[in-house]
Amino acid sequence: MHSGVASPADRRLSALIRHLEGASNAMDSDTITASPTSGFPGARNSVFEHVVRAPEDPILGVTVAYNKDSSPLKLNLGVGAYRTEEGKPLVLNVVRRAEQMLLNDSSRVKEYLPIVGLADFNKLSAKLILGADSPAIQENRVTTVQCLSGTGSLRVGGEFLARHYHQRTIYIPLPTWGNHPKVFTIAGLSVKTYRYYDPVTRGLNFQGLLEDLGSAPSGAIVLLHACAHNPTGVDPTPQQWEQIRQLIRSKALLPFFDSAYQGFASGNLDADAHSVRLFVADGGECFVAQSYAKNMGLYGERVGALSIVCKSADVASRVESQLKLVIRPMYSNPPIHGASIVATILKDRNMFQEWTIELKAMADRIINMRQQLFDALRSRGTPGDWSHIIKQIGMFTFTGLNSEQVAFITKEYHIYMTSDGRISMAGLSSRTVPHLADAIHAAVTRVV
């Protein structure tokens with residue numbers, strides 16, 4: 001229908017056209033300056049101009065420096081990842097077999113896992129660390145959630161504690177893994193330290209440990225390395241663990257175990273779980289973070305678990321419901337592949353047995369490297385007592401070298417390690433031990 005009078009719709013359309021034309025003219029005007037937050041080509045500076053370059057991670061930064069070195073003699077003893085005698089990364093045969101089984105199963109799909117992860121993986125992980133006959137498991141007092149390796153397990157546990165536990169202070173050993181204080185601080189906890197390593201004896205400062213935990217406020221959280229303490233390789237004896245347990249329980253402190261090396265330290269899964277099982281056996285509550293990075297070589301798969309041992313099945317169920325609320329906005333749910341590998345191996349008796357054999361072979365090679373390095377230093381007459389190398393356990397040795405000696409070794413011998421003198425024994429081989437021994441000998445005799 002046509003008429004000389006514009007309809008309301010036509011008037012609105014005309015007004016819109018005039019508005020857009022006006023806006024277009026204004027954009028062409030020289031009087032408009034670009035907003036600093038706009039993507040307009042005339043903007044002079046990035047809105048992130050103020051951002052300063054962050055320092056390299058002290059551990060991963062060692063690898064960055066190593067990769068830039070063109071020397072054929074270069075050796076990376078910084079990052080904690082297992083290497084073969086030939087210096088190559090290792091994928092366990094049993095892991096390859098499990099992956100092939102998963103690949104051949106055409107019924108497998110790529111659907112999301114539940115928030116708490118793969119049920120079989122969680123059940124089997126709790127049994128591995130607590131023991132298949134654990135009363136806590138039999139009484140349903142344990143809640144286990146799949147997390148993003150050990151780091152993710154610590155983070156989820158830390159955030160849960162920050163929300164639901166009355167004490168917001170966690171005591172961590174001095175020294176400890178460099179990521180521990182960062183993870184717990186960002187999770188919302190206040191981080192304090194307790195004495196652990198004695199640089200004079202290059203062993204455990206047990207008296208200092210007892211004094212510091214004895215003066216901690218009632219209810220404080222205490223981080224404990226289940227075995228193969230990182231970075232020192234120094235562990236309490238079974239008798240010392242019992243004393244630590246008694247003190248922690250008498251003070252109503254809450255133990256939080258970081259178990260990154262079960263089976264990888266001694267070659268025995270049960271022996272390396274002794275400290276955790278000691279605490280669970282007394283009926284008290286505790287947290288356990290597990291990682292399968294080292295003991296199954298699943299570094300990049302990011303497979304881990306957080307188990308919380310509670311006083312009752314009802315409490316465990318309620319705790320799990322709150323863990324879901326921590327995980328859901330963090331990463332929604334965990335990845336399926338690595339956890340499926342672990343579950344496949346743990347639930348098959350023959351594959352489990354094959355894994356324990358391969359695991360012991362890795363642990364034994366590291367123990368052998370310790371002995372070879374100790375023998376090489378002794379044969380060179382290197383000043384000092386180097387027996388701590390064979391007394392310490394696990395992937396790392398705290399050499400006792402100072403930062404100047406470390407810098408000397410890196411510059412003159414192209415050997416890379418963290419500035420505190422920690423070396424990864426898993427990065428050594430029979431071929432490279434003499435080179436390292438020469439470097440340590442030179443550093444000790446020429447650099448004070």
Side-chain angles (χ1 to χ4, degrees), residues 59 79-81 125-126 128-130 142 144-162 165 169-187 189 191-194 196-197 204 209 213 216 220-236 240-241 244-245 248 253-266 269 271-280 284-296 298-299 302-309 323 326 392-396 398 422 424:
I59 297 173
V79 176
S125 292
L128 185 70
I129 189 67
L130 304 182
V142 184
T144 303
V145 294
Q146 180 191 336
C147 297
L148 306 184
S149 203
T151 306
S153 305
L154 294 163
R155 175 66 190 276
V156 169
E159 202 154 306
F160 171 84
L161 288 165
Y165 189 56
T169 303
I170 184 165
Y171 283 77
I172 63 175
L174 189 65
T176 191
W177 180 45
N179 223 12
H180 279 147
K182 299 171 190 171
V183 167
F184 290 120
T185 299
I186 212 162
L189 298 175
V191 175
K192 293 189 175 177
T193 60
Y194 62 90
Y196 189 87
Y197 178 72
L204 183 66
L209 180 153
L213 293 186
I221 309 154
V222 180
L223 180 76
L224 301 162
H225 294 230
C227 66
H229 180 274
N230 175 7
T232 68
V234 173
D235 285 354
Q240 288 172 330
W241 270 120
I244 293 167
R245 184 197 67 79
I248 282 177
L253 304 175
L254 180 63
F256 194 144
F257 284 95
D258 186 354
S259 177
Y261 301 97
Q262 188 185 358
F264 198 87
S266 68
L269 287 159
D272 290 349
H274 168 77
S275 61
V276 176
R277 293 176 188 178
L278 193 66
F279 278 76
V280 176
E285 295 177 301
C286 66
F287 281 54
V288 188
Q290 283 170 275
S291 166
Y292 289 95
K294 311 300 192 297
N295 59 15
M296 277 198 193
L298 296 174
Y299 304 95
R302 312 309 294 141
V303 197
L306 173 69
S307 290
I308 303 178
V309 180
L323 285 172
V326 172
Q392 293 171 8
I393 192 168
M395 181 170 278
F396 300 109
F398 224 42
R422 185 197 82 166
S424 172

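Along the sequence shown, residues carry numbers from 1. Quick caveat, the model's predicted, so the values are computed rather than measured.
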Would the distance check show the side chain of [X] and the main-chain N or O of [Y] forming a donor-acceptor pair, the cut-off being under 3.5 Å?
X	Y	value
Asp272	Gly263	yes
Gln392	Phe398	yes
His229	Pro175	yes
Tyr261	Ala226	no
Gln262	Leu128	yes
Ser153	Ala305	yes

Closest non-hydrogen atom pair between [X] and [Y], with its separation:
X	Y	answer
Ala265	Ile393	O-CG1, 3.7 Å
Tyr299	Gly80	CE2-O, 3.8 Å
Thr144	Ser307	OG1-OG, 2.7 Å
Ser291	Ser149	OG-OG, 3.3 Å
Trp177	Pro231	N-CD, 4.2 Å
Leu253	Ala216	CD2-CB, 4.3 Å

How long is the gap from [atom1] on [X] to [atom2] on [Y], to the nearest 0.5 Å?
X	Y	atom1	atom2	answer
Gln146	Ser125	CD	OG	8.0 Å
Leu224	Phe287	CG	CZ	13.0 Å
Ile172	Tyr196	CD1	OH	13.0 Å
Tyr165	Ile221	OH	CD1	6.0 Å
Gln290	Leu306	CD	CG	9.0 Å
Thr232	Phe396	OG1	CZ	11.0 Å

#### Entry: Step-by-step side-chain contact (heavy atoms from CB on, under 4.5 Å) determination, Arg302 to Thr151
CA-CA 9 Å; Arg302 312 309 294 141; Thr151 306; 3.9 Å; yes
### Message
Counting C-beta onward and ignoring hydrogens, is there a side-chain heavy-atom pair between Leu254 and Leu161 closer than 4.5 Å?
### Response
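Yes. Closest side-chain heavy atoms under 4.5 Å.
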### Query
Which word best sums up how the rings of Phe257 and Phe279 line up, parallel for under 30°, tilted for 30 to 60°, or perpendicular for over 60°?
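Rings of Phe257 and Phe279: perpendicular, as their planes differ by over 60°.
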### Task
Would you mind listing every salt bridge (Lys or Arg N to Asp or Glu O under 4.0 Å) that reaches into residues 147-161, with sequence neighbours excluded?
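Residue pairs passing salt bridge (Lys or Arg N to Asp or Glu O under 4.0 Å), neighbours aside: Arg155-Glu159, Glu159-Arg163.
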Could you list the donor-acceptor pairs under 3.5 angstrom formed between side-chain atoms of residues 180-187 and any protein atom two or more places apart in sequence or on another chain?
{"unit_1": "His180", "atom_1": "ND1", "unit_2": "Thr176", "atom_2": "OG1", "d": "2.7"}
{"unit_1": "His180", "atom_1": "NE2", "unit_2": "Asp258", "atom_2": "OD2", "d": "2.7"}
{"unit_1": "Thr185", "atom_1": "OG1", "unit_2": "Pro181", "atom_2": "O", "d": "2.6"}

### Task
Would you sort out whether Leu223 and Leu154 count as a side-chain contact (heavy atoms from CB on, under 4.5 Å), showing the intermediate values?
CA-CA 10 Å; Leu223 180 76; Leu154 294 163; 4.3 Å; yes
